[in-house]
Amino acid sequence: MARPREFDIDIALDRAMQTFWSNGYDGTSLDDLCLATGLGRSSLYGAFGDKHALLLRSLDRYEELGLARINAALERPVPVRDAISGFIDDLIDKIIDGSGRRGCFVGNCTAELGRQDSEVNARVRRSMGRVEATFKAALIRAQERKEINKKTDVAAVARFLVAGIQGLRLVGKANPDRKTLKDIQSVILNAIS
């Protein structure tokens, strides 16, 4: 009879995700993952498969958590522009205090592996597509509430929001200057009319 798991899989997955996010895929060893999760190699393999499979699960987890944060911001009872501004304010605050200076995990994986790893690339495309769809749905609701012009191409604006926020996070890694990041935020918000 198989021995039952004696660890919380979500906690282990979160710790693995944080390790990949901090060190990158190539910079993360199995020993790093074992240390971060508190699991031995056999338990790690038994729960998640190999290192690559664990990276894919980490990307899934990041997507799940990120979408929850975006949805929470967009569901606030304020105009969509204010909701998106608040979401970006939070990102900027995290960049400035250092906790958000690692950039976006999805963006980091794209830069490191996107061209050579079709599975990572597929996860990244799916994640960005889901974020885009979330913004688009919020913009459609805003059009229905007459917060933004009915003629606004909400699909294009949603794509721009994804690109703009990714760019802001990348700039924040290299230049965590509040004025610079607020300038970028201002231009992003101008797309919502």
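Contact detail for G86 and R76: the closest heavy-atom pair is CA-NH1, 4.3 Å. The shortest heavy-atom contact between Q166 and G107 is OE1-CA, 3.9 Å. Of all non-hydrogen atoms in G40 and C34, the two that sit nearest each other are C-SG, 3.9 Å. When all heavy atoms are compared, the tightest approach of A83 to A73 is CB-O, 3.3 Å.
At a threshold of 4.5 Å between side-chain heavy atoms, the hydrophobic network of Ile, Leu, Val, Met, Phe, Trp and Tyr places L170 and L113 in two separate groups. Follow the hydrophobic side-chain contacts under 4.5 Å out from V78 and you never reach F87; the two are in separate clusters. Clustering ILVMFWY residues whenever any of their side-chain heavy atoms sit less than 4.5 angstrom apart, transitively, puts V187 in a cluster other than the one holding I88. Follow the hydrophobic side-chain contacts under 4.5 Å out from L35 and you never reach I11; the two are in separate clusters.
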Test side chain to side chain contact (heavy atoms under 4.5 Å, CB included) on V106 and R123 and set out the steps.
CA-CA 9 Å; V106 167; R123 288 294 203 297; over 6 Å; no
Test log, rule side chain to side chain contact (heavy atoms under 4.5 Å, CB included), inputs T37 and S43
CA-CA 10 Å; T37 62; S43 295; over 6 Å; no
Can you list the steps and then say if D183 with T180 is a side chain to side chain contact (heavy atoms under 4.5 Å, CB included)?
CA-CA 5 Å; D183 286 347; T180 299; 5.6 Å; no
Going through the checks in order, is the side chain to side chain contact (heavy atoms under 4.5 Å, CB included) test met by D8 and L13?
CA-CA 9 Å; D8 184 313; L13 187 54; over 6 Å; no
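Side-chain atoms of I92 and L168, non-hydrogen and from C-beta on, do get closer than 4.5 Å to each other. In this structure, I192 and L161 have side chains that are in contact, with non-hydrogen atoms separated by less than 4.5 Å. When side chains are defined from C-beta on, T152 does not count as touching L139, because their heavy atoms never get closer than 4.5 Å. Contact check for D10 versus E64: no side-chain heavy atoms found under the 4.5 Å cut-off. Counting only heavy atoms from C-beta outward, the side chains of Y25 and D117 never approach each other to under 4.5 Å. Side-chain contact between F135 and V157: absent, with no pair of heavy atoms (C-beta onward) separated by less than 4.5 Å. Using a 4.5 Å heavy-atom threshold, the side chains of L181 and I96 count as touching. Side chains of L65 and D14 form a contact here, defined as non-hydrogen atoms less than 4.5 Å apart.
Under a cut-off of 6.0 angstrom, the local environment of CZ in R145 is crowded, with over 12 non-hydrogen atoms contributed by other residues, nucleotides or ligands. Residue K150 places its NZ atom among more than 12 non-hydrogen atoms of other residues, nucleotides or ligands, all under 6.0 Å distant. Open room surrounds CE on M128; 12 or fewer heavy atoms of other groups in view lie less than 6.0 Å from it.
D97 and S99 share a side-chain donor-acceptor pair at under 3.5 Å. No side-chain donor from either of S85 and D82 sits under 3.5 Å from a side-chain acceptor of the other.
For R101 (side chain) and I95 (main-chain N/O), a donor-acceptor pair under 3.5 Å exists by modelled atom type. A donor-acceptor pair under 3.5 Å is formed between the side chain of E147 and the backbone N or O of V80. Panel note: side chain N71, backbone L67; a donor-acceptor pair is recorded below 3.5 Å. In this structure a side-chain-to-backbone donor-acceptor pair under 3.5 Å is present from R81 to L189. Distance alone, capped at 3.5 Å, is enough to place a donor-acceptor pair between the T134 side chain and the R130 backbone. Judged by distance alone, with hydrogens and angles left aside, the side-chain atoms of N108 form no donor-acceptor pair with the main-chain N or O of G103 at under 3.5 Å.
The CZ atom of F20 lies 5.0 Å from the CG atom of L55; values are rounded to the nearest 0.5 Å. In this structure, CZ in R15 is found 9.5 Å from OG1 in T19, a value given to the nearest 0.5 Å. K182 contributes atom NZ, which lies 4.0 Å from atom CG of D89 (distance to the nearest 0.5 angstrom). Considering CD of Q143 and NZ of K136, their distance stands at 10.0 Å, rounded to 0.5 Å. Atom CE of M17 is separated from atom OG of S22 by 9.5 Å, given to the nearest 0.5 angstrom. With rounding to the nearest 0.5 Å, the separation of CZ in F48 from CG in L39 is 6.5 Å.
The salt bridge (Lys or Arg N to Asp or Glu O under 4.0 Å) search around D93 returns R178, not counting sequence neighbours. Scanning for salt bridge (Lys or Arg N to Asp or Glu O under 4.0 Å) contacts around K146 gives an empty result, with sequence neighbours left out. With sequence neighbours excluded, the residues forming a ring pair (Phe, Tyr, Trp, His ring centres under 6.0 Å) with Y62 are W21, F105, listed by chain and number.
Taking a cutoff of 4.0 Å between a charged side-chain nitrogen and a carboxylate oxygen, R141 and E144 do not qualify as a salt bridge. A salt bridge does not link K51 to D26: none of the charged side-chain nitrogens sits closer than 4.0 Å to a carboxylate oxygen.
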